[in-house]
K.L.:
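The structure under discussion is supplied below as structure tokens; questions concerning it will follow.
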Number of protein chains: 2
Amino acid sequence: MSKVKKRSDCPVSCSLDIWGDKWSLLIVRDLLFAKECTYGDFLKSGEGIATNILAARLLALEENKIIEKLAHPDSKAKVLYRLTRKGIDLLPVMIEINLWAEKYFSIPEDRKALLKEVKKDKAGFIKATIKELER
Amino acid sequence: MSKVKKRSDCPVSCSLDIWGDKWSLLIVRDLLFAKECTYGDFLKSGEGIATNILAARLLALEENKIIEKLAHPDSKAKVLYRLTRKGIDLLPVMIEINLWAEKYFSIPEDRKALLKEVKKDKAGFIKATIKELER
DNA sequence: CTTTACACTTGCAAAATGCAAGTAAAGTTA
DNA sequence: TAACTTTACTTGCATTTTGCAAGTGTAAAG
């Protein structure tokens, strides 16, 4: 199930081998925003990922140590997904994607407001967010 | 041919709709490094993209104004591809991907050396590179 | 005028994606 | 405690995308 086929040793290529598809970074995005998500939370995201694709992506991200599963405190029927440090470290990538998109697309107001904060002090924002996600 | 199916208005989602696949950012990478590439140059890149996939990606990137074609000065048989400003502006994304990958993979020495330069003065590096690519 | 270089296109098999329905365990309600 | 619901997936199948190999057309070179 876990075929890690490395196309080259270029860092960009290696990265894309793991999360270079239309869905993986959306999962990471959800977790950067929400810190912890259940399977159902991902399904409810606006883009409408199919449940089998979601399952496949979650497994791949877990195998690549981007995310990890943990028990839900309220119920054995629920599962929580969370970013590992490796996943959290995608935050700068995510921020730059947002800034790029802001320049070339029209994006929601609340996201614009957040990016305004980011631009005020990027390093500070990243540091604070990582701290929040890690505990 | 140019179906721009937007899944949501999230900036991340919009971005991935355009270049969220295993190949597009490698094309952008080649152009960020080389400034201008021919069709054959892309084919020669280490990852070994199939020629039909390359043609499809180049067309999609062109339709989305990430790259543009221009006449080769030496020959009518050759075509040059170059980044538009929109494509050049993916540089910060590309840099963060490289920095992330450097932390979690072993990457080639020459790329490490380049990233050392980047880390010394990220804003300066970006500014200088953009200037170089734009003229 | 024949050969080579270059930028693609085409055909087809294999893999990934997307949709709808189904399953199993856990929790909730009557 | 029996029936129902919620949750996290799995399964089957049609559609789409990818990958490989071979082919085409135009321009340049010999």
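On a predicted model such as this, the values are computed, not experimentally measured, just so you know. Only this structure's heavy atoms are used, side chains among them; waters, hydrogens and symmetry mates stay out. Naming convention: chains lettered A, B, ... in sequence-line order (proteins, then strands); numbering from 1 in each chain.
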K.L.:
What's the verdict on salt bridge (charged side-chain N to carboxylate O under 4.0 Å, His left out) for Asp89(A) and Arg85(A), showing C-alpha distance, side-chain angles and the deciding distance?
P.N.:
CA-CA 6 Å; Asp89(A) 280 334; Arg85(A) 178 65 204 233; 3.1 Å; yes

K.L.:
Grab the CG-P distance between Leu58(B) and dT18(D) for me, whole Å please.
P.N.:
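Atom-to-atom, Leu58(B) to dT18(D), this comes out as 14 Å.
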
K.L.:
Do the side-chain N or O atoms of Tyr81(B) get closer than 4.0 angstrom to the phosphate oxygens (OP1, OP2) of dC6(C)?
P.N.:
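Answer is no, no contact under 4.0 Å.
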
K.L.:
Can we say Asp41(B) and Lys44(B) salt-bridge, meaning some charged N sits less than 4.0 Å from an Asp/Glu carboxylate O?
P.N.:
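Judged by the 4.0 Å cut-off on N to carboxylate O distance, Asp41(B) and Lys44(B) do form a salt bridge.
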
K.L.:
Rounded to whole angstroms, how far apart are NE2 on His72(B) and P on dC8(C)?
P.N.:
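Value for this atom pair: 13 Å.
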
K.L.:
Can you check the Leu54(B) CG to dT17(D) P distance for me, whole Å?
P.N.:
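About 18 Å, once rounded to whole Å.
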
K.L.:
Taking atom P of dA5(C) as reference, at what distance in whole Å does atom CG of Asp41(B) sit?
P.N.:
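It is 15 Å, rounded to the nearest whole Å.
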
K.L.:
In whole Å, I'd like the distance from the CD atom of Glu36(A) to the C1' atom of dT7(D).
P.N.:
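Interatomic distance, CD of Glu36(A) to C1' of dT7(D): 17 Å.
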
K.L.:
Whether Glu132(B) and Arg135(B) form a salt bridge (side-chain N of Lys/Arg under 4.0 Å from carboxylate O of Asp/Glu) is what I want to check.
P.N.:
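Counted as a salt bridge, because a side-chain N and a carboxylate O are separated by less than 4.0 Å.
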
K.L.:
Could you tell me how far apart Leu59(B) (CG) and dT17(D) (C1') are, to the nearest whole angstrom?
P.N.:
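After rounding, the reported distance stands at 15 Å.
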
K.L.:
Got Phe42(A) and Leu31(A) here, is their nearest side-chain heavy-atom distance under 4.5 Å?
P.N.:
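A side-chain contact under 4.5 Å exists here.
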
K.L.:
Kindly indicate whether a cation-pi arrangement holds for Arg7(B) with Trp23(A), taking the cut-offs as under 6.0 Å to the six-membered ring centre and within 45° of the axis.
P.N.:
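Judged by the rule (NZ or CZ under 6.0 Å from the ring centre, within 45° of its axis), Arg7(B) counts as positioned above Trp23(A).
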
K.L.:
Between N or O atoms, less than 3.5 Å apart, protein on one side and nucleotides 16-26 of chain C on the other: list the pairs.
P.N.:
unit_1  : atom_1 : unit_2   : atom_2 : d
dT17(C) : OP2    : Arg57(A) : NH2    : 2.8
dG18(C) : OP2    : Trp23(A) : NE1    : 2.8
dG18(C) : N7     : Asn52(A) : ND2    : 3.2
dC19(C) : N4     : Asn52(A) : OD1    : 3.3
dC19(C) : N4     : Asn52(A) : ND2    : 2.5

K.L.:
For the pair Glu117(B) and Lys122(B), find out whether any cationic side-chain nitrogen is under 4.0 Å from an anionic carboxylate oxygen.
P.N.:
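No, Glu117(B) and Lys122(B) are not salt-bridged.
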
K.L.:
Between P on dC9(D) and NZ on Lys44(A), what's the gap in Å once rounded to a whole number?
P.N.:
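These atoms are roughly 14 Å apart.
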
